[in-house]
2 protein chains.
Amino acid sequence: MTRLTSWVESANSADTDFPLNNLPYGVFSTNRLEARCGVAIGDMVLDMAALEEAGIVTIGDDPVFDVPYWNDVMEMGSDTWASLRARLIELLITDAPEQAKVAPHLVPLSEAELHLPIAVSEYTDFYAGMQHAKNMGAILRGSPDLPANWLHIPVGYNGRASSVVVSGTEINRPNGQRKAPDAEMPSFGPSTRLDIELEMGAIVGTGTPMGHPITVDEADALIFGYVLLNDWSARDIQGWEYQPLGPFQGKAFGTTISPWIVTAAALDPFRTPTPPREKQLLPYLDSTVDGLYDIELTVSMQPEGAVAATTITKTNYNRMYYSAAEQLCHHAVGGCGMNPGDLLGSGTISGPVAGEYGSLMEISWAGRDPFTLTTGETRTFIEDGDTLTLSGHAQGDGFRIGFGDCAGKIVPAVEFP
Amino acid sequence: MTRLTSWVESANSADTDFPLNNLPYGVFSTNRLEARCGVAIGDMVLDMAALEEAGIVTIGDDPVFDVPYWNDVMEMGSDTWASLRARLIELLITDAPEQAKVAPHLVPLSEAELHLPIAVSEYTDFYAGMQHAKNMGAILRGSPDLPANWLHIPVGYNGRASSVVVSGTEINRPNGQRKAPDAEMPSFGPSTRLDIELEMGAIVGTGTPMGHPITVDEADALIFGYVLLNDWSARDIQGWEYQPLGPFQGKAFGTTISPWIVTAAALDPFRTPTPPREKQLLPYLDSTVDGLYDIELTVSMQPEGAVAATTITKTNYNRMYYSAAEQLCHHAVGGCGMNPGDLLGSGTISGPVAGEYGSLMEISWAGRDPFTLTTGETRTFIEDGDTLTLSGHAQGDGFRIGFGDCAGKIVPAVEFP
């Protein structure tokens with residue numbers, strides 16, 4: 001893929017997350033601007049509502065950018081997505097004729113407060129990382145054997161959309177029920193096994209009506225873009241509650257996403273195939289597209305007051321067994337209607353070896369093997385004051401398509417009852 | 001509770017679902033009126049948008065009834081709910097001074113098309129019927145023993161809001177993956193074990209912010225009202241997919257609710273306590289309110305072309321172990337934010353004896369014991385063309401608080417891929 005250069009000089013740095021090739025979509029406010037749609041370019045954000053009001057970008061009969069979500073744009077469909085991206089490149093590329101008209105509508109990112117980029121319709125979380133599934137089986141059920149359905153179904157469950165928050169939002173340690181294996185009765189209180197899950201989130205851009213299944217290729221075309229996603233998990237609460245109906249309150253106290261939707265168009269040059277199938281999938285899951293992406297991912301942990309964060313995981317989204325398009329196809333196959341703004345968590349991304357694990361449950365092997373931070377402190381699970389940060393980018397030749405941080409700090413549990 | 005009489009004569013019949021004591025809230029349209037809020041009274045529906053436009057009912061600065069959902073009214077809070085109900089009684093009671101002004105805004109129910117009464121924010125389904133849990137354990141896991149957590153946690157899982165439809169909506173038999181116990185590989189196709197679940201749905205009227213747990217008593221006060229709810233279930237798909245993360249596509253092809261929200265205020269005289277606790281609940285689940293209601297429930301089945309429906313179940317909502325308020329408290333206790341329009345399914349309501357079971361899985365004991373309809377046909381699960389109808393009411397002295405039917409007809413699966 002050709003590297004594009006911009007008259008916004010900071011976008012031409014090799015290590016910016018937001019070169020002209022990226023153009024991710026977010027929602028921002030400043031102390032004089034209400035929350036509205038914006039596009040990141042270098043260290044600036046382009047005020048889309050202002051561009052629209054000035055008549056520089058127009059994509060519909062009614063204004064669509066002066067709102068705190070991209071859902072209206074997503075609903076307009078993929079032709080609109082393509083023409084919007086083309087128009088933005090035209091406006092921001094080096095020597096753009098309209099540079100002087102656009103420049104006044106750039107706001108320094110340092111002055112912008114970032115918000116959720118979409119109104120989350122519903123949130124579904126999948127379980128598509130094979131190493132993670134094997135590790136969790138070994139830890140929770142005593143065997144690394146995959147569940148019987150795992151090689152046939154992109155296993156998933158419905159999560160809680162109201163708990164999805166943008167990077168930077170503090171998360172209260174949840175209270176909940178848990179029972180130690182040797183205890184006779186459960187108890188109630190703050191989780192003592194608080195964890196992350198390193199995931200990607202796929203954002204459904206256009207929906208499907210109820211009763212209308214779609215192929216994997218069709219599903220791929222409905223995906224607007226991707227974010228980083230941290231599916232915070234309280235392992236003690238989850239372990240006690242999840243039989244027989246799955247995770248509930250152990251996953252409902254917070255799910256953090258990165259603030260910028262990196263579009264499928266920007267990621268297109270970095271597509272990679274899913275790995276060879278260990279068992280042939282049923283024909284409804286056939287596809288002709290490479291549904292994964294080569295996205296390098298890291299997780300870091302920084303205790304309160306520590307001068308630096310410690311990288312605790314490095315892995316890649318290309319490790320997954322199922323793509324988001326396969327997951328979306330399976331999601332809709334029984335007739336479930338999908339809507340713009342539906343968020344699909346990939347499942348925890350763990351590579352095949354230690355150092356590539358995407359949860360503390362795996363890194364500390366359920367708390368048995370503490371790990372050491374650069375500060376000298378040790379951890380098994382998260383302590384109050386710890387900040388966990390997910391980062392990721394696809395590496396091009398001289399540029400990268402970055403996501404911006406997906407960070408959250410854990411603060412003490414609220415007192416209850 | 002005193003029976004109230006109305007100048008709308010049909011509301012004074014002992015067997016109407018909608019006497020003046022009820023006043024349930026729905027959304028209707030006619031061939032000349034767009035979908036809007038309405039209130040059922042006898043065999044009529046009161047056009048709330050018209051009453052508001054005429055200045056007869058005003059509850060806020062902006063119009064709230066000329067929209068196809070009650071969410072705006074719900075968000076206004078319980079004082080508004082109470083004053084609205086008082087105003088409606090004042091307008092509709094026998095010898096009401098404003099009768100002549102109100103009468104022109106009554107529309108015959110026979111001319112009204114009914115829609116979902118709320119915009120469903122999120123849908124959560126619980127598992128609070130003890131007999132159902134024991135039956136399902138016996139059928140699915142070989143033991144009627146309750147799951148270890150069941151007597152401590154109002155067990156629930158997140159469902160799919162986009163699949164919630166109003167009574168009368170046809171439901172396609174879902175396609176999906178299933179695997180017979182003796183098969184080596186799963187197959188894909190129409191479900192062959194299609195079932196109902198007889199439930200009540202509680203509608204959250206006012207929300208709670210993220211990170212703010214609530215007591216059971218506080219939760220009770222947030223519930224706006226109740227509907228009948230049929231959580232259609234594909235047992236073959238569910239059985240293959242549900243380990244380890246719970247039900248997903250086996251429950252995502254349709255959830256039917258009755259069209260009228262029967263308010264907590266109307267049901268208040270019919271409150272009943274939860275049954276004695278077999279194990280003491282943790283203190284966060286303590287309450288001072290009687291959270292269940294004495295609501296008689298029936299399910300009928302009618303094959304295509306049959307002259308009459310056959311009643312296949314009679315039971316009562318007072319059979320449940322956990323109340324909706326307990327479920328809502330548990331839902332929010334870890335910090336999960338709740339929103340107006342959240343729908344909480346009670347879980348399948350099965351009484352302690354055969355004849356009171358709320359699913360075909362239990363009635364036919366997983367298909368082993370076919371039952372006979374009045375037409376002479378037999379059934380184990382649902383066949384194409386069958387209509388399943390849930391009905392329910394609380395019985396007062398000379399009146400009843402009814403819900404209207406919660407009906408759905410199963411039509412053939414769509415061809416896919």
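Every chain is numbered from 1 and lettered A, B, ... according to where its sequence line falls, protein lines coming before strand lines. Side chains are part of it too, since the values below use all heavy atoms of this structure and drop only hydrogens, waters and symmetry mates.
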Item to check | Test log, rule side chain to side chain contact (heavy atoms under 4.5 Å, CB included), inputs B:Lys179 and A:Ile153 | outcome: CA-CA 12 Å; B:Lys179 190 179 88 63; A:Ile153 293 179; over 6 Å; no

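- The contact between A:Asp342 and chain B is made entirely by side chain atoms (from C-beta outward), counting heavy-atom distances below 4.5 Å.
- Looking at B:Pro147, only its side chain comes within 4.5 Å of chain A, counting heavy atoms on both sides.
- Listed for the A:Asn175 side chain is no donor-acceptor partner under 3.5 Å among the backbone atoms of B:Val333.
- Contacts between A:Glu241 and chain B at a heavy-atom distance below 4.5 Å involve backbone atoms as well as side-chain atoms.
- Contacts between A:Leu140 and chain B at a heavy-atom distance below 4.5 Å are absent for every atom of the residue.
- The two residues A:Trp240 and B:Ala148 have their closest heavy-atom pair at CH2-O, 3.4 Å.
- Of the atoms belonging to B:Met185, it is side-chain heavy atoms, and not backbone ones, that fall under 4.5 Å from chain A.
- For the pair B:Asn158 (side chain) and A:Tyr157 (backbone), a donor-acceptor distance under 3.5 Å is absent.
- With hydrogens and angles ignored, the 3.5 Å screen pairs a side-chain donor or acceptor of A:Glu122 with a backbone N or O of B:Ser162.
- Of the possible donor and acceptor atoms, one in the side chain of A:Gln177 sits under 3.5 Å from a partner among the backbone N and O of B:His152.
- Within the 4.5 angstrom heavy-atom criterion, no atom of A:His212 approaches chain B.
- Using a 4.5 Å cut-off on side-chain heavy atoms (C-beta onward), A:Thr124 and B:Phe248 make contact.
- Heavy atoms of A:Pro417 lying under 4.5 Å from chain B belong exclusively to its side chain.
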